[in-house]
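Below is one structure, written out as structure tokens; comments come after it.
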Amino acid sequence: MSEDACSRVFERVGRAVAELDHAGAEAGVVEALGLGCDVYRLVEEGLRRGMVEVGARFERGEYFLPELVEAGELFNSLMERYVLPRLSTRVGGRRGLVVIGTVRGDIHDIGKNLVALMLRVNGFEVVDLGVDVSPDRFVEAVKKYRPDIVGMSALLTTTMLEMRNVIDALKSAGLRDKVKVIVGGAPVTEEFAREIGADAYGRDAVDAVEKCIRLLEKQT
Ligand code: B1M
């Protein structure tokens with residue numbers, strides 16, 4: 001398989017997702033897999049790139065809420081049919097336990113699900129609290145599951161502020177020094193993570209896995 005050939009197909013997949021061209025996106029995914037391209041790169045450089053363009057069109061007023069919904073469905077359906085079966089086969093091991101959720105007020109879960117999946121594939125056990133998770137629910141989950149790591153996802157500039165509230169709630173409950181905290185999501189930055197007192201920032205799902213592995217190494 002040639003890198004160039006894969007990059008070209010990824011670009012086409014991204015464009016098709018952006019256009020909400022279901023057949024074109026599916027054909028591109030099938031072609032990329034047929035070429036033996038890396039599945040995770042297909043997700044990041046193809047599917048996710050298309051989603052970012054969908055967001056940009058929404059911002060410019062070219063797309064509206066139904067298009068955002070449709071893009072989410074297209075992404076999920078391609079993931080379920082083509083990507084998950086290829087990644088899930090590698091699930092196993094027990095590196096550590098991560099409690100993950102999308103913060104209060106935010107219902108975006110595609111990125112969070114991808115992070116949870118990549119953590120599982122890489123040997124982590126994951127308790128997924130879902131979306132719109134309040135600080136209290138994070139605290140309760142830490143008490144109940146005693147995870148090594150708490151992971152928070154936010155896709156909105158407004159809801160990313162909830163991450164600080166979760167960290168404060170963990171402090172108030174006397175649990176902050178018992179868990180490591182990793183944050184991520186489109187508007188979140190390394191600097192913001194540092195500012196709110198998180199232990200790590202994950203740029204994407206692979207980076208999140210690497211950071212979680214490093215967080216556990218620091219503990220031992
Ligand atoms: Co929404 N939306 N949306 N949306 N949506 C964004 C986020 C937006 C950037 C679009 C835009 O205007 N450009 C914009 C936010 C603007 C802002 O805050 N600055 C936006 C808006 C405005 C809204 C609504 C307010 C729209 C409205 O109602 N008027 C509304 C809010 C609802 C709410 O949450 N309260 C809304 C709703 C929705 C849908 C429900 C329709 C749908 C989500 C469906 C779903 O998730 N089940 C949706 C979608 C699809 C998007 C875009 C187009 C795509 C998001 C996505 O799934 N990307 C998005 C545009 C964009 O992202 N630029 C947009 C693919 C996914 C694989 O990437 O989620 O970034 P991502 O995850 C990555 C990394 O960020 C990282 O790893 C992942 C894998 O690489 N990561 C982590 C994520 N979490 C992590 C956690 C970690 C580590 C890494 O550690 C724990």
Side-chain angles (χ1 to χ4, degrees), residues 13-14 17-20 25 39-80 83-84 87 96 98-122 124 126-133 138 147-163 166-167 179-190 192-193 196 198-215:
V13 168
V17 169
E19 295 292 334
L20 301 173
V39 181
Y40 185 72
R41 279 190 61 212
L42 166 65
V43 174
E44 284 294 331
E45 296 173 36
L47 300 175
R48 183 179 171 200
R49 189 197 288 182
M51 296 296 267
V52 170
E53 177 55 24
V54 167
R57 290 182 189 195
F58 175 76
E59 235 168 54
R60 293 200 296 266
E62 295 161 20
Y63 278 176
F64 298 93
L65 205 50
E67 281 84 8
L68 284 192
V69 174
E70 186 178 337
E73 286 167 358
L74 173 58
F75 187 102
N76 280 336
S77 114
L78 293 170
M79 285 293 288
E80 265 160 42
V83 178
L84 297 190
L87 289 177
V98 182
V99 159
I100 196 167
T102 300
V103 296
R104 182 164 60 189
D106 200 322
I107 59 167
H108 294 87
D109 67 356
I110 294 174
K112 182 264 296 164
N113 292 346
L114 189 54
V115 172
L117 171 74
M118 291 306 284
L119 284 168
R120 288 191 179 111
V121 165
N122 285 279
F124 284 87
V126 179
V127 175
D128 187 346
L129 302 178
V131 297
D132 191 19
V133 181
F138 274 108
D148 303 288
I149 300 171
V150 169
M152 288 181 259
S153 178
L155 263 287
L156 301 171
T157 43
T158 44
T159 57
M160 67 194 262
L161 306 175
E162 276 289 337
M163 292 173 161
V166 174
I167 291 177
V179 284
K180 298 290 181 190
V181 174
I182 179 167
V183 293
V188 179
T189 61
E190 184 107 52
F192 176 76
I196 62 170
D199 299 298
Y201 158 72
R203 190 183 56 252
D204 55 37
V206 162
D207 190 42
V209 171
E210 278 165 16
K211 298 284 172 59
C212 284
I213 292 171
R214 254 186 266 162
L215 287 177

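Counting convention: from 1, in listed order, for ligands and their atoms alike. What you are looking at is a predicted structure, and each value in this text was computed from that prediction instead of being measured.
For atom 86 (C) of ligand 1, the nearest non-hydrogen atom from the set Ala116, Gly184, Gly50, Cys212 belongs to Gly184. Residue nearest to atom 75 (O) of ligand 1, selected from Ala56, Gly111, Ala186: Ala186 (by heavy-atom distance). When Leu68, Leu156, Val52 are ranked by how near their heavy atoms come to atom 14 (C) of ligand 1, first place goes to Leu156. Between Met51, Glu44, Arg49, it is Met51 that holds the heavy atom closest to atom 52 (C) of ligand 1. The option from Val131, Val103, Ile110 that lies nearest to atom 44 (C) of ligand 1, judged by heavy atoms, is Ile110. Summarising the contacts of atom 32 (C) of ligand 1 with Val115, Ile182, Ile107, Thr158, the nearest heavy atom is found in Ile107. The option with the heavy atom closest to atom 88 (C) of ligand 1, from among Gly55, Pro66, Gly202, is Gly202.
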Start with the C-alpha distance between Glu53 and Arg48, add both sets of side-chain angles, then the distance that settles salt bridge (Lys or Arg N to Asp or Glu O under 4.0 Å), and finish with yes or no. CA-CA 9 Å; Glu53 177 55 24; Arg48 183 179 171 200; over 6 Å; no
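Gly105 O, 2.9 Å is the protein heavy atom nearest to atom 35 (N) of ligand 1.
Shortest distance from atom 1 (Co) of ligand 1 to His108 is reached at NE2 (N/O/S atoms only).
For ligand 1, the atoms closer than 4.0 angstrom to any heavy atom of Ala205 are 77 (O), 79 (C), 80 (O). The contact set between ligand 1 and Leu65, taken as ligand atoms under 4.0 Å from a residue heavy atom, comprises 26 (C), 27 (C), 28 (O). Remark: ligand 1 atoms within the under-4.0 Å shell around heavy atoms of Ala208 are 88 (C). Of all atoms in ligand 1, numbered sequentially from 1 with element shown, those under 4.0 Å from a heavy atom of Leu155 are 7 (C), 15 (C), 62 (O), 69 (O), 70 (O). Close approach of ligand 1 to Leu114 (heavy-atom distance below 4.0 Å) involves ligand atoms 79 (C). Within ligand 1, the atoms closer than 4.0 Å to a non-hydrogen atom of Asp204 are 76 (C), 77 (O), 80 (O), numbered from 1 in the order shown. Every atom of ligand 1 with a heavy atom of Val69 under 4.0 Å away is listed here by number and element: 41 (C). Close approach of ligand 1 to Gly185 (heavy-atom distance below 4.0 Å) involves ligand atoms 75 (O), 81 (N), 82 (C), 83 (C), 84 (N), 85 (C).
Within a 4.0 Å radius of atom 91 (C) of ligand 1, the protein contributes at least one heavy atom.
Here the shortest heavy-atom pairing between Ala25 and Val13 reads O-CG2, 4.3 Å. Across all their heavy atoms, Met163 and Met152 have their closest contact at CE-O, 3.4 Å.
Panel note: side chain Glu67, backbone Phe64; a donor-acceptor pair is recorded below 3.5 Å. Side-chain atoms of Tyr63 never come within 3.5 Å of backbone atoms of Gly55 as a donor-acceptor pair (strictly under, hydrogens ignored). Without hydrogens or angle criteria, Asp204 side chain to Asp207 main chain gives a donor-acceptor distance under 3.5 Å.
One distance of note links CG of Asp128 with CG of Asp109; it measures 8.0 Å at 0.5 Å rounding. Distance check, rounded to the nearest 0.5 Å: OG1 of Thr189 to OH of Tyr201 gives 7.0 Å.
The side chain to side chain donor-acceptor pair (under 3.5 Å) test with Thr159 singles out one residue from Thr102, Asp132, Asp106, and that residue is Asp106.
Remark: Glu19 engages Arg57 in a salt bridge, criterion side-chain N to carboxylate O under 4.0 Å. Salt-bridge annotation for Asp199 and Lys211: absent, with no side-chain N of the basic residue lying under 4.0 Å from a carboxylate O of the acidic one.
Residue-level proximity to ligand 1 for Arg203 is carried by the backbone, the only part with a heavy atom below 4.0 angstrom. Residue contacts with ligand 1, taken as heavy atom pairs separated by less than 4.0 Å, involve Asp109 via backbone and side-chain atoms alike. Counting heavy atoms closer than 4.0 Å to ligand 1, residue Val43 contributes nothing at all.
Between Glu190 and Val183 there is no side-chain heavy-atom pair separated by less than 4.5 Å. Side-chain atoms of Val43 and Phe75, non-hydrogen and from C-beta on, do get closer than 4.5 Å to each other. Contact annotation: the side chain of Leu47 approaches that of Leu78 to within less than 4.5 Å [non-hydrogen atoms, C-beta and beyond].
Residue contacts with ligand 1 leave out Pro187, since none of its heavy atoms falls under 4.0 Å from the ligand. Residue Ala71 places no heavy atom under 4.0 Å from ligand 1.
For a threshold of 3.5 Å applied to N or O pairs, the pair formed by Asn76 and ligand 1 contains no separation below that value. Of the N or O atoms in Gly151, none lie within a sub-3.5 Å distance of an N or O in ligand 1. Remark: ligand 1 and Glu59 share an N or O pair separated by less than 3.5 Å (distance only, no angle test).
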